[in-house]
Amino acid sequence: MSYSNNYETSYTSYGGGGGGGGGFIPGDGSQNSPSGGPKDYTRDTVRPVTIKQINDAQSVGEEFKIDGAQVAQLTFVGQIRNVSSQTTNLTYKLDDGTGSMEAKHWNDKDTADEPSPGREKLVEGAYCRVWGKLKSFNDRKHVVATIIRPVEDKNEISYHLLEATYVHLHFTRGPIGEGSGGGGGSNGAAQQQDSGGHGGAALAGHNSVAKRVYEYLRTTPQTNEGLHQQDIASNLKIDAAEVSAAGDQLLADGLIYTTVDDSTWAILETD
Amino acid sequence: MDHPQTPRVLAKHLEAFQYKLVRVLGRVVQLRGETAVVDAGGSINLILNRDCHLALNHAVEIIGKVDQGLNVKVQAATDFGPNIDFEASNAVVEATHRHKEIFYDDD
């Protein structure tokens with residue numbers, strides 16, 4: 001499949017560009033330095049999205065969430081509707097059928113003499129793929145693009161939309177092969193995904209009561225003291241002794257831990 | 001929004017999108033001057049405008065309006081060349097209707 005190769009190649013060049021540049025991504029350094037802490041690389045992912053998903057993204061301070069999961073870098077494919085050349089950047093208006101979004105490619109004085117390859121193909125009507133970061137200015141979202149390159153093989157458009165769908169379903173319904181992960185709201189999907197991945201495999205050997213207790217602990221809003229086994233028993237309408245036995249099993253396997261006393265439990269997060 | 005949403009459709013969806021703006025990816029099977037026929041999970045008649053340059057057997061992406069007779073009146077056409085995997089692109093259309101939340105708003 002030529003288009004998947006195509007994708008791999010560009011992905012590599014993306015990594016090379018970002019890594020080698022050091023501060024090549026505008027705003028990246030300055031945003032993290034005030035906190036003083038080390039950068040949280042676990043969230044540094046590239047997420048394929050549709051433009052509608054970008055328009056629907058919820059802002060949380062400086063960051064954005066899609067399907068309840070924080071987005072760092074994102075990538076999308078669209079048709080160029082307008083190109084406007086500013087002194088400091090090139091702004092592309094992109095349309096993928098689900099909405100419009102502006103992608104700004106800031107001029108980098110180090111590379112100004114050698115425009116990125118394929119730049120001349122980024123004209124109105126052409127399809128392109130963008131990698132970048134979502135920003136908001138005066139309540140208007142735009143993407144600060146690290147890389148914009150023309151889509152040579154149009155199958156990449158299908159590929160991208162299917163990949164975006166797949167990742168959306170991953171966040172809203174859990175990883176493939178974990179059917180029970182469904183039903184969770186979009187809020188907290190990020191945590192669900194982590195614990196779900198862990199619990200899902202480890203829970204395999206447990207009986208249905210233990211699984212329900214675990215699910216209940218995982219999905220019920222609670223303080224960091226967790227939940228008392230009496231509450232769990234009455235809400236799930238399961239005999240208290242059974243819940244207690246299920247809790248012992250989950251404790252023994254390190255899936256939950258006791259908090260204020262032996263009968264108050266919380267999920268042991270693995271991240 | 002200056003560029004409205006254009007739901008992706010196949011031939012079988014036309015009825016549900018009458019008088020709406022849609023996006024069709026199909027293979028050009030007939031050219032008849034002012035009209036053309038594309039195959040997009042079934043035949044779709046196109047009413048062309050002057051700016052269309054369709055090539056026989058090439059894939060073409062159409063943005064257009066579905067009329068009363070379920071023809072698509074073309075507003076814009078983009079040539080996608082001869083090497084489009086229609087199995088994948090038709091799967092995309094199915095996915096956009098099944099998981100509409102990330103593609104299109106409700107009317």
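Here is how names work: the chains are called A, B, and so on, in the same order as the sequence lines, proteins then strands, and each is numbered from 1.
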Are there over 12 heavy-atom neighbours, none belonging to [X], within less than 6.0 Å of that residue's [atom1]?
| X | atom1 | answer |
| --- | --- | --- |
| Lys65(B) | NZ | no |
| Tyr19(B) | OH | yes |
| Arg32(B) | CZ | yes |
| Lys73(B) | NZ | no |
| Glu94(B) | CD | yes |
| Gln86(A) | CD | yes |

statement: So, the part of Ile51(A) with a heavy atom under 4.5 Å from chain B: the answer is neither
message: Between Leu169(A) and chain B, with a heavy-atom cut-off of 4.5 Å, which part of the residue counts as in contact: side chain, backbone, both or neither?
response: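 The answer is the side chain of Leu169(A).
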To the nearest 0.5 angstrom, please state how far the [atom1] atom of [X] sits from the [atom2] atom of [Y].
| X | Y | atom1 | atom2 | value |
| --- | --- | --- | --- | --- |
| Asp67(A) | Glu101(B) | CG | CD | 8.0 Å |
| Asp153(A) | Asn83(B) | CG | CG | 7.5 Å |
| Arg8(B) | Ile157(A) | CZ | CD1 | 8.0 Å |
| His58(B) | Lys154(A) | NE2 | NZ | 11.5 Å |
| Asn55(A) | Asp105(B) | CG | CG | 9.0 Å |
| His99(B) | Thr50(A) | NE2 | OG1 | 13.0 Å |

query: Considering all heavy atoms of both residues, which atom of Leu162(A) and which atom of Ala95(B) are nearest to each other, and what is their separation?
result: CD2-CB, 4.3 Å
message: To check you understand the geometry: which heavy-atom pair defines the closest contact between Tyr127(A) and Arg23(B), and what is its length?
response: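 Where Tyr127(A) meets Arg23(B) most closely, the heavy atoms are OH-NH1, 2.9 Å.
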message: Is there a side chain to side chain contact (heavy atoms under 4.5 Å, CB included) between Asp85(B) and Tyr159(A)? Walk through the geometry before answering.
response: CA-CA 10 Å; Asp85(B) 180 345; Tyr159(A) 168 78; over 6 Å; no
With a 4.5 angstrom heavy-atom cut-off, could you sort out which part of [X] is near chain A: side chain, backbone, both or neither?
| X | answer |
| --- | --- |
| Thr78(B) | side chain |
| Ile63(B) | side chain |
| Asn90(B) | neither |

Pair Thr98(A)-Ile102(B), side chain to side chain contact (heavy atoms under 4.5 Å, CB included): steps then yes or no: CA-CA 8 Å; Thr98(A) 74; Ile102(B) 66 165; over 6 Å; no
